[in-house]
2 protein chains.
Amino acid sequence: MPEQTKKENVVTLSDSGTLSDRVCNQLKEDIITGRLEQGAKIKEEELARVHGISRGPLREAIRRLEGMHLVQRIPHAGARVVTLTRKMMSDIYRVREALEGMSARLAAENMSAEEIEALWELLESHEKNIEKTDGKVYFQREGDVDFHFRIAQASGNDWLIHHLSSELYQLIRMCRYRSALHPSRPVNALAEHRHIVEAIAAGDGELAELLMRRHISGAWQIVKDLLPRESHD
Amino acid sequence: MPEQTKKENVVTLSDSGTLSDRVCNQLKEDIITGRLEQGAKIKEEELARVHGISRGPLREAIRRLEGMHLVQRIPHAGARVVTLTRKMMSDIYRVREALEGMSARLAAENMSAEEIEALWELLESHEKNIEKTDGKVYFQREGDVDFHFRIAQASGNDWLIHHLSSELYQLIRMCRYRSALHPSRPVNALAEHRHIVEAIAAGDGELAELLMRRHISGAWQIVKDLLPRESHD
DNA sequence: TTCCCCGCTTTTGTTGACAATCCATCCTCA
DNA sequence: TGAGGATGGATTGTCAACAAAAGCGGGGAA
C-alpha cells in the first residue's frame with residue numbers, strides 16, 4: 001500500500017494535466033520537505049531550466065503557490081520561499097484550533113457508521129506503524145495528517161475541507177519537516193485521536209470539538225518549543 | 001481624505017504594478033459586482049483583447065483568481081466564473097461564524113483604547129449614512145465589510161486577517177450584489193455592531209465572540225431566504 | 001574615506017507565434 | 001433513421017524572443 005501510494009504520487013507528479021500543474025505540485029513538495037529552503041530566492045529562468053520547462057508555465061505555478069502562501073512575491077523583485085516565523089506558526093495553530101474544532105463537531109453530527117468504522121481502522125493501522133517504526137517517523141508526518149484530513153472530509157463543509165487540506169495542512173507539514181517532533185508525541189497523539197473518535201462515534205459534537213481543540217493546542221505547545229529560535233521576536 | 005483614498009484606488013487599479021495585478025483586481029471587481037456573471041465561460045483571448053493585454057499576464061491573473069475561489073478551472077477546458085450555490089454560501093457563513101467569533105474574541109483582548117474609539121466613530125458615521133440614504137444601500141454593502149474588516153485587523157492574527165478580508169469578504173460581497181438585502185437589516189445590524197463594540201470595549205472576549213457569532217448567524221438567516229432558488233438541492 | 005551617480009548585468013514582465021487538445025458539426029454506414 | 005467516427009474550428013497550453021525594471025559595481029567628487 002505504501003508502494004501503491006508512492007507510485008500514484010509519481011504518476012500524479014510526472015504526467016498528469018498541464019506542465020504548470022505538474023511543476024506546481026513538484027515545487028510544493030520541494031518547499032514543504034525543505035529541498036527548497038525557506039527564504040530562498042526563486043529565479044524563474046533557473047527553475048524553469050531545472051524542471052525542463054519554459055518560464056510561462058513556471059510563472060503560473062508560482063502564482064498558485066503564492067495563493068497557497070508557500071511563496072511570497074514582490075512585483076519586479078521576484079519571489080522567495082516563505083519563511084515560517086514563530087508568529088506565523090502560532091497564528092496558524094490558533095486558527096486551526098477553531099477550524100478543526102468546528103470540523104470535529106460537524107463530523108460528530110454527520111458521520112455514518114461506515115465512515116466511523118473506517119476511522120477506527122485507520123487508527124489501528126497507525127498504532128501498528130508506531131510499533132513497527134518505534135513511534136518515530138511515519139505517524140508524525142503523514143499519519144496525523146491523514147487522520148485530520150478524514151475528519152475534515154466528514155464535516156461536509158467544502159470550504160473547511162479545502163482550506164484545511166490545501167493550505168493549513170501543507171504549512172503544518174512544512175513546520176514538521178523543519179523541526180523533528182518529540183519522540184513521545186505520537187503515542188500521546190494516538191490516545192487523543194482515540195478519544196476524539198469515541199466522541200464522534202457517540203455523536204457528541206460538543207465533546208468532539210473540545211477534545212480536538214485541546215489536542216491541537218497541546219500539539220502547538222510541543223511544536224513551539226522545537227521551533228528554531230529567532231533573533232527578532 | 002475621501003478623495004485621496006479614491007484617487008489612490010484609481011491609481012491602484014489603473015497603473016500600479018504589473019499588468020497581471022491590475023487586470024486581476026479589475027476582474028475581481030467585475031466578478032463580485034456581477035459584470036461578469038456567474039458561471040460565465042472565460043475566454044482568454046477575448047478577455048485579453050478587452051483589457052488590452054496579452055494572454056500571458058491574463059492567465060496569471062486567472063490563476064490568482066482561482067486561488068481566491070472566484071473562478072473554477074478545468075485543465076484543457078477553460079475557466080468559468082464561480083457559481084455561488086446555496087450550499088457554498090451556507091458553508092461560508094458557517095466558517096465565517098467560527099472565524100469572526102474568534103476574531104472578535106481576540107479583538108476584545110488586544111484592542112487599544114484608540115482603536116476602540118475609532119470603531120465607535122466608524123459606527124457613528126454608519127449611522128449617519130443610514131439616515132442619509134434611508135438605510136438602504138451604503139451600509140449594507142461596504143460599511144458592514146468595513147466594520148468586520150477592522151475587527152479582523154484588530155485580532156492581530158495575520159492568517160485570520162488575510163483569509164477573512166481577501167477571501168471570505170469578497171464572496172460575501174458577491175453574494176450581496178446578487179441578492180439585494182432586506183431593507184430593515186441595516187438598522188438591526190447597526191444595533192448588533194454596537195453591542196459587539198461594547199463587549200470589546202469591556203474586554204469581554206467571550207461575550208464579543210458570542211455576539212459576533214449570533215450576528216453572523218442572524219445575517220445568514222436573512223440572506224438565505226433572499227438567495228435565488230435552485231433547481232437541484 | 002565616504003557618498004553619490006552612472007552604466008552594465010541580471011532578472012522580471014510582456015508579447016506574439018506555435019503546438020496540442022477539446023468540442024461541435026457533419027458525413028457515412030449499418 | 002440513428003449511431004459512430006472523422007474533420008474543421010475554436011480554445012487552451014507552451015515556447016522563445018523582446019522590453020522594462022531592479023540590483024550591482026565601479027568611478028569620480030566632496
Side-chain angles (χ1 to χ4, degrees), chain A residues 11-28 30-31 35-83, chain B residues 8 10-28 30-31 35-83:
Chain A
V11 170
T12 302
L13 291 176
S14 67
D15 82 342
S16 95
T18 68
L19 287 186
S20 175
D21 293 341
R22 215 154 79 197
V23 100
C24 179
N25 285 328
Q26 178 69 47
L27 288 177
K28 185 171 76 177
D30 285 352
I31 291 175
R35 272 195 62 202
L36 249 53
E37 58 188 317
Q38 303 197 7
K41 180 150 178 40
I42 291 177
K43 287 186 240 182
E44 295 180 356
E45 193 190 347
E46 181 185 329
L47 260 191
R49 201 167 9 113
V50 168
H51 287 77
I53 65 172
S54 159
R55 278 181 53 215
L58 185 87
R59 284 173 65 87
E60 293 179 13
I62 289 177
R63 289 307 188 288
R64 295 231 319 236
L65 293 173
E66 193 190 350
M68 299 182 209
H69 304 101
L70 290 179
V71 307
Q72 289 170 330
R73 183 177 137 273
I74 301 171
H76 299 287
R80 312 190 84 91
V81 177
V82 70
T83 301
Chain B
E8 195 179 10
V10 170
V11 169
T12 301
L13 290 176
S14 67
D15 83 342
S16 100
T18 68
L19 288 185
S20 175
D21 293 342
R22 212 156 80 198
V23 100
C24 179
N25 284 330
Q26 178 68 50
L27 288 176
K28 185 171 77 177
D30 285 352
I31 290 174
R35 273 196 61 202
L36 248 53
E37 58 187 317
Q38 304 196 6
K41 180 151 178 39
I42 291 177
K43 287 185 238 181
E44 295 181 356
E45 193 191 347
E46 181 185 329
L47 259 191
R49 203 168 7 117
V50 168
H51 288 78
I53 64 173
S54 161
R55 277 180 55 214
L58 184 88
R59 283 172 66 88
E60 292 180 15
I62 289 176
R63 286 309 188 295
R64 295 226 324 229
L65 293 172
E66 192 191 353
M68 300 183 208
H69 303 101
L70 290 178
V71 308
Q72 290 170 329
R73 182 177 137 275
I74 300 170
H76 300 286
R80 314 189 83 92
V81 177
V82 69
T83 301

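No hydrogens, no waters, no symmetry mates; every other heavy atom, side chains included, goes into these values. Convention: sequence-line order gives letters A, B, ...; per-chain numbering from 1.
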Chemist: Could you please spell out the steps behind the side-chain contact (heavy atoms from CB on, under 4.5 Å) verdict for A/E45 and A/L58?
Modeler: CA-CA 9 Å; A/E45 193 190 347; A/L58 185 87; over 6 Å; no
Chemist: For B/R59, what residues pass the side-chain hydrogen bond (donor to acceptor under 3.5 Å, both in side chains) criterion, not counting sequence neighbours?
Modeler: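 Partners of B/R59 under the side-chain hydrogen bond (donor to acceptor under 3.5 Å, both in side chains) test: A/E60, B/E44.
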Chemist: Can you confirm whether B/L27 sits close enough to B/L47 that some side-chain heavy atom of one is under 4.5 Å from a side-chain heavy atom of the other?
Modeler: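 Side-chain contact under 4.5 Å: yes.
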Chemist: Tell me if a side-chain donor or acceptor on A/R80 pairs with a main-chain N or O of A/G39 at a distance below 3.5 Å.
Modeler: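 A pair under 3.5 Å: yes.
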Chemist: Quick check for you: name the first and last nucleotides of DNA chain C, 5' to 3', having an atom under 4.0 Å from a heavy atom of chain A.
Modeler: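 Nucleotide range with atoms under 4.0 Å of chain A: C/dT11 to C/dT14.
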Chemist: Mind checking what makes side chain to side chain contact (heavy atoms under 4.5 Å, CB included) contact with B/R35, not counting sequence neighbours?
Modeler: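 For B/R35 the side chain to side chain contact (heavy atoms under 4.5 Å, CB included) partners, ignoring immediate neighbours, are B/Q26, B/D30, B/T33.
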Chemist: Across the strands shown, which category fits A/P57 at heavy-atom distances under 4.0 angstrom: base, sugar-phosphate, nothing?
Modeler: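 Sugar-phosphate, backbone atoms only, no base.
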Chemist: How does protein reach along nucleotides 8-13 of chain D, written 5' to 3' as B (base within reach of a heavy atom under 4.0 Å), S (only sugar-phosphate), or - (no contact)?
Modeler: ---SBB
Chemist: List for me each residue that meets side chain to side chain contact (heavy atoms under 4.5 Å, CB included) alongside A/Q38, sequence neighbours excluded, and say none if there are none.
Modeler: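 With neighbours one apart ignored, the set is A/T83, A/L84, A/M174, A/R178.
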Chemist: What residues, two or more places apart in sequence or in another chain, satisfy side chain to side chain contact (heavy atoms under 4.5 Å, CB included) together with B/A77?
Modeler: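 B/A77 satisfies side chain to side chain contact (heavy atoms under 4.5 Å, CB included) with B/I74 once adjacent residues are dropped.
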Chemist: Contact between B/V23 and B/P57 at the side-chain level, heavy atoms closer than 4.5 Å - yes or no?
Modeler: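 Not touching, per the 4.5 Å side-chain cut-off.
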